[in-house]
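Here the structure comes first, spelled out in structure tokens, and everything after it is commentary.
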Number of protein chains: 2
Amino acid sequence: MPTIRDVARTLNLSITTVSRALDGYGDVSKETRQRVIETAQAMGYVPNRAARQLRRQRTDTIGYIVPAEKPQFADPFFAEFVAGLGDEAASTNYDLLVSTAPPDSPEEQDLYRRWIQGGKVDGVIINRTRLSDWRVNFLRESKLPFTCLERSLDQGEEFLGVETDIKDGYQELLGHLTAQGHSRIAFIGADASLKVQYDRLRAFQQALTSLDIQPQANLIVEGDLTPEGGYQAMLRLLALDQPPTAVVCVNDLTAIGVIHAAHDNHCVIGRDLAIAGFDGVADSAHTQPPLTTLDQPVYAIARTLARLLLQAIAREKIVQRVITIKPTLLIRASSGGKR
Amino acid sequence: MPTIRDVARTLNLSITTVSRALDGYGDVSKETRQRVIETAQAMGYVPNRAARQLRRQRTDTIGYIVPAEKPQFADPFFAEFVAGLGDEAASTNYDLLVSTAPPDSPEEQDLYRRWIQGGKVDGVIINRTRLSDWRVNFLRESKLPFTCLERSLDQGEEFLGVETDIKDGYQELLGHLTAQGHSRIAFIGADASLKVQYDRLRAFQQALTSLDIQPQANLIVEGDLTPEGGYQAMLRLLALDQPPTAVVCVNDLTAIGVIHAAHDNHCVIGRDLAIAGFDGVADSAHTQPPLTTLDQPVYAIARTLARLLLQAIAREKIVQRVITIKPTLLIRASSGGKR
DNA sequence: TGAGTTTTCCAAAACGTTTTGGTAAAATCA
DNA sequence: TGATTTTACCAAAACGTTTTGGAAAACTCA
């Protein structure tokens, strides 16, 4: 593995000149630069990352820790999210470090500590933000750039990231459902400490009341963002005296479990029961029947988060600190909309 | 951010002693070690990774480049795979670097070059191995430890990784299908340069002939491992004079597309048409009807690959260089098996 | 011509660790 | 007691870059 020293030696130049030639500084002549670039290429010289990092005091790496309850559980949301982060990072020659840790666990704290205090990453992206989130406080204290999807309640002006404005989306979705004649509409949510749960449940309830439907407490149940959670929650709803005729789920994965439960209980989805999700992950188009959902461009959101982060790291002027995205309603067969 | 120098200064000790105390060397007294550990902890000292890497000449990081044709495409297989790698890495305090690049593209070459020559990773994992794969040659030349899922044809004895033995699996699957009365059985595969396609198609054909069914060329079509590819391939099969009554797919995602196409063409899956997949990704349990598939434990395989790699990096003696896994047949409703 | 300016290069310091090759002091032994 | 071993520590080198602060050579201009 040739070092910059080897390149310098073969060219009879100083290390400095080689370094500056490769970095495109103005104080090296056209010809030498050319020679340097060629020989470096020919010798297969690639700068050692650790040395560069140590000197430059940055790592050209951003980090993301998947907040997965159970590690082996593969959420398509995360897959798209990670792909977006990775691609945006790669487009600027940055790398993406990935790990998983259960939310609010000691492992999570440990990982963040190691990465951040040890200078392993220049910045991080967080999602599944909690209403009150130690991560944002920790990151703020350590003065490390970070962006997040969904603002925690601790964050005021300094928030940098993406927020989804779901009011109109839920309004539209519930309009659609009531137009189909539904009025007993349930909501399957997630852990109450999550910002998405907070936002989406509230938007759901507001939309409901604006349509003159009284929200009913027993139609609001808790899942855990997985198909299994959705399945179990649906069973609980079906056991009610008056089960709902429509179910709105906090995410698509939950809805997939609900579809499954409905099938197992011989409901005809789209006729007996309307089901809607949230996210618009690729899978949702391939459920049977295809899932009505509030589609948000996860991949694009991830790229945006990464781009914002990279700008923050580079101390670029950021025109728009918080980017708001509105999900779009995709009406598919699961809500009896189209066939 | 305190450095080791700061810790040494506050303790009136040398840098050396602090370093050795923290690393657990024997030549530092019990009491000093205790003092060092405590103050380091109290000061929030975390060793700088870049410096450590530079000195130790290793990065405590392994890499994986997702071989994704289109970046925004989120394959649940990859999600599980990455989760497995990440968890195994984390269990040894290693980190996982992730990126995506289209197979056999210049970006792919660039990434591997940067990571490996630049010493950004201590080893890599590769999958979606091609029959002849420049990556294995490149890695072999650069003498970097690596493990792979599926052995390319270039690899002889030195192969280190996981292979799936699918003969029995296909035998069993096709036995199941013929027992249901099927004899016109199609295969939807992938790019011919992929090792999995090579293996699985061959196993499929062998199983077929062993059951006294003549493989028919027009029942073997090519997909691209995505639902869309599966959908299109299925349309082509349905357009035949004599469409197949059963379809075996090279992976679950393809099968999901096939299910979709069958639905759109009003075939009743499980009755008119049997469908089977391969992989056993979480999604496959939630299709409608649930998908019959050859289940391989993707998460566990990924962990195994990572563990092997870490052992290779640590130059441990590796007892078993190639670990063979047999998929198990999961019979579900999509093949008319159970209800 | 000689003073200033520009061009092109370079030596040395720094980044924060780990490791090598010690050395005093204390403990052990004859 | 003096020689030897063990214990507990440390100074300095090294890892491979980037950057600082020049400095010689070439050019410009009066």
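So you know, we letter chains A, B, ... as the sequences are listed, proteins then strands, and number each from 1. Because only heavy atoms are used, hydrogens play no part in the values below, and waters and symmetry mates are left out as well, while side chains stay in.
Ring-centre distance between A:F81 and A:Y299: not below the 6.0 Å cut-off.
Residues B:R20 and B:R55 both approach DNA chain D. Their nearest nucleotides, taken by heavy-atom distance, put B:R20 toward the 5′ side. For the pair B:G26 and A:P2, both in contact range of DNA chain D, the more 5′-proximal nearest nucleotide belongs to B:G26. Take the nearest nucleotide of DNA chain C for B:T16 and for B:A50: the residue whose nucleotide is more 5' is B:A50.
Taking the 5' to 3' direction, DNA chain D first and last meets chain A under 4.0 angstrom from a heavy atom at D:dG16 to D:dT20.
The shortest side-chain heavy-atom distance between B:T147 and B:F159 does not fall under the 4.5 Å cut-off.
With A:T129 contributing its side chain and A:L149 its backbone, the two residues share a donor-acceptor pair below 3.5 Å.
Under the rule for a side-chain contact (heavy atoms from CB on, under 4.5 Å), the partners of A:S105 that lie at least two apart in sequence or sit in another chain are A:A101, A:P102, A:E107, A:E108. For B:N93, the side-chain hydrogen bond (donor to acceptor under 3.5 Å, both in side chains) partners two or more places apart in sequence, or in a different chain, are A:R114.
For the helix from C:dT1-D:dA30 to C:dA30-D:dT1, the terminal axes (five pairs an end, C1' atoms, rotation from four pairs onto the next four) enclose an angle of 50°, given to 10 degrees.
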Report task. Check step by step if side chain to side chain contact (heavy atoms under 4.5 Å, CB included) holds for A:L96 and B:L97. Result -> CA-CA 6 Å; A:L96 174 70; B:L97 206 55; 5.8 Å; no
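Nucleic acid contact for B:I15: base, since at least one base atom lies under 4.0 Å from a heavy atom of the residue. At a threshold of 4.0 angstrom between heavy atoms, the contacts of B:N48 are confined to the sugar-phosphate backbone, with no base atom among them.
The distance from atom OH of A:Y25 to atom P of C:dT6 is 21 Å, rounded to the nearest whole Å. Look at CZ on B:R56: it is 12 Å from P on C:dT20, rounded to the nearest Å.
Under the side-chain hydrogen bond (donor to acceptor under 3.5 Å, both in side chains) criterion, the residue pairs touching residues 11-20 of chain B are B:S14-B:T17, B:R20-B:D27, with sequence neighbours excluded.
With respect to the salt-bridge test (charged N to carboxylate O, under 4.0 angstrom), the residues A:R49 and A:D95 qualify.
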Side-chain polar contacts of residues 307-318 of chain B - donor-acceptor pairs under 3.5 angstrom, sequence neighbours left out - could you list them?
none

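Residue A:T17 places no side-chain N or O under 4.0 Å from the OP1 or OP2 atom of C:dC9.
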